[in-house]
Amino acid sequence: MHANVKPAVPSCAMPAKIVRAQIPRAHSIVTCQRGEQIYAEGDATDKCFQVSAGAVRVSRVFANGGRQVVSFHLAGEMFGFEAGPQHRFFAEAIAETRMAVFERGPVQQHLPELLALAVDGMERAQEHLVVIGRQSAIERVALFLTDLSNRLGGTRQLTLAMSRQDIADYLALTIETVSRAITELRERSVIALRHARIVYIMNPDALRSLCGDAASPSEPARAG
């Protein structure tokens, strides 16, 4: 990771669960530019990260050149937790992103408090499998937008850091299918597009109704 590195400062936002646990402050604060790699498959899992501004994409690239995006991480969310000694995925900034970097050793001294963060990640991964395994394209896109809104405090205006190709690779769809689903939601007056990457949710109830049984509020561990 080639990033602008600064010493940690006490004012760095931390998830409420970690604040209560009094985990040592971040080892450093880094700023990554859009497209910059944070870690690669095979890198040591000796650090974890918290986004304070921007957004991060975690993905896996297959031998045939295909890509599966497995998660996005927004401001206030932590990532980089994996069970083994080496990462199995790639993490990249999808916008200019400022992050706190934590050495894994000191953080692991507070495993009971970190369990909730791990459970959040597991639940999100399970919900993602349900989405790509059972739902139609428009349902997947509706759930994606609903999830983003929930994670951003219920806001109805979403500024998307991720591209439509990122969304397609996350939802296991083609970019054309994602675009058609967004167009259909707009034509139904469920959403409005104020810019290519600015989505306004006009009818939150209608959007949630398209999500089916998978529509459950996301409550990741965030800064208090």
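Keep in mind that the numbers below use all heavy atoms, side chains included, and drop hydrogens, waters and symmetry copies.
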- Query: Would you say Ser28's side chain and Val101's backbone share a donor-acceptor pair under 3.5 angstrom?
  - Reply: no
- Message: Any side-chain to backbone donor/acceptor pair from Asp166 onto Ser163? Under 3.5 Å, distance only.
- Response: yes
- Item | Ring geometry between Phe79 and Phe49 (parallel below 30°, tilted from 30 to 60°, perpendicular above 60°) | parallel
- Looking only at atom types and distance, does a side-chain atom of Arg197 sit under 3.5 Å from a main-chain N or O of Ala161, one as donor and one as acceptor? yes
- Message: Looking at Ser59 and Ala91, would you say the former's side chain and the latter's main chain have a donor-acceptor pair under 3.5 Å?
- Response: no
- Verify salt bridge (Lys or Arg N to Asp or Glu O under 4.0 Å) between Glu184 and Arg188, making sure each step is shown before the conclusion. CA-CA 6 Å; Glu184 183 173 346; Arg188 292 188 190 184; 2.5 Å; yes
- Message: Are Ile94 and Val56 packed together at the side-chain level, in the sense that at least one heavy-atom pair is separated by less than 4.5 angstrom?
- Response: no
- Message: Please give me the minimum heavy-atom distance between Ala93 and Cys32, naming the atom from each residue.
- Response: CB-CB, 3.9 Å
- Query: Of Arg34, Arg57, Gln37, which is the lone residue that meets side-chain hydrogen bond (donor to acceptor under 3.5 Å, both in side chains) with Glu92?
  - Reply: Arg57
- Task: Please step through side chain to side chain contact (heavy atoms under 4.5 Å, CB included) for the pair Leu158 and Leu152, ending with a clear verdict.
- Result: CA-CA 8 Å; Leu158 307 175; Leu152 295 170; 4.0 Å; yes
- Item | Heavy-atom side-chain proximity of Ile138 to Arg140 below 4.5 angstrom | no
- Query: Taking it one step at a time, do Leu143 and Leu210 satisfy side chain to side chain contact (heavy atoms under 4.5 Å, CB included)?
  - Reply: CA-CA 8 Å; Leu143 184 56; Leu210 289 169; over 6 Å; no
- Message: Regarding Ser179 and Glu176, do their side chains bring together a donor and an acceptor under 3.5 Å, going by distance alone?
- Response: no
- Item | Side chains of Gln50 and Phe102 in contact at under 4.5 Å (non-hydrogen atoms) | yes
- What about Val141 and Leu193, same hydrophobic cluster or not, with Ile/Leu/Val/Met/Phe/Trp/Tyr joined at side-chain heavy-atom distances under 4.5 Å? yes
- Test item: Gln68 side-chain N/O and Asp169 main-chain N/O as donor-acceptor pair under 3.5 Å: yes
- Item | Side chains of Val58 and Ile38 in contact at under 4.5 Å (non-hydrogen atoms) | no
- Between Ser149 and Thr146: side-chain donor-acceptor atoms closer than 3.5 Å: no
- Query: Got a donor-acceptor contact below 3.5 angstrom from the Thr177 side chain to the Ile175 backbone?
  - Reply: no
- Shortest non-hydrogen contact from Gln86 to Glu82? O-OE1, 3.9 Å
- Task: With side chain to side chain contact (heavy atoms under 4.5 Å, CB included) as the test, would you mind laying out the steps for Glu77 and Val51 before giving the verdict?
- Result: CA-CA 6 Å; Glu77 299 177 357; Val51 180; 5.6 Å; no
- Task: Report yes if some heavy atom in the side chain of Leu148 is under 4.5 Å from a heavy atom in the side chain of Val199; otherwise report no.
- Result: no
- Query: Within a strict 4.5 Å, meaning less than it, do heavy atoms of the Met162 and Phe144 side chains meet?
  - Reply: yes
- Identify the heavy atoms of Asn203 and Ser189 that sit nearest to each other, and give their distance. CB-O, 4.1 Å
- Task: Compare all side-chain heavy atoms of Glu41 with those of Phe89 and state whether any distance is below 4.5 angstrom.
- Result: no
- Any side-chain heavy atom of Arg186 sitting closer than 4.5 Å to one from Met202? no
- Ring-ring centroid check Phe72 Tyr170, cutoff 6.0 Å: yes
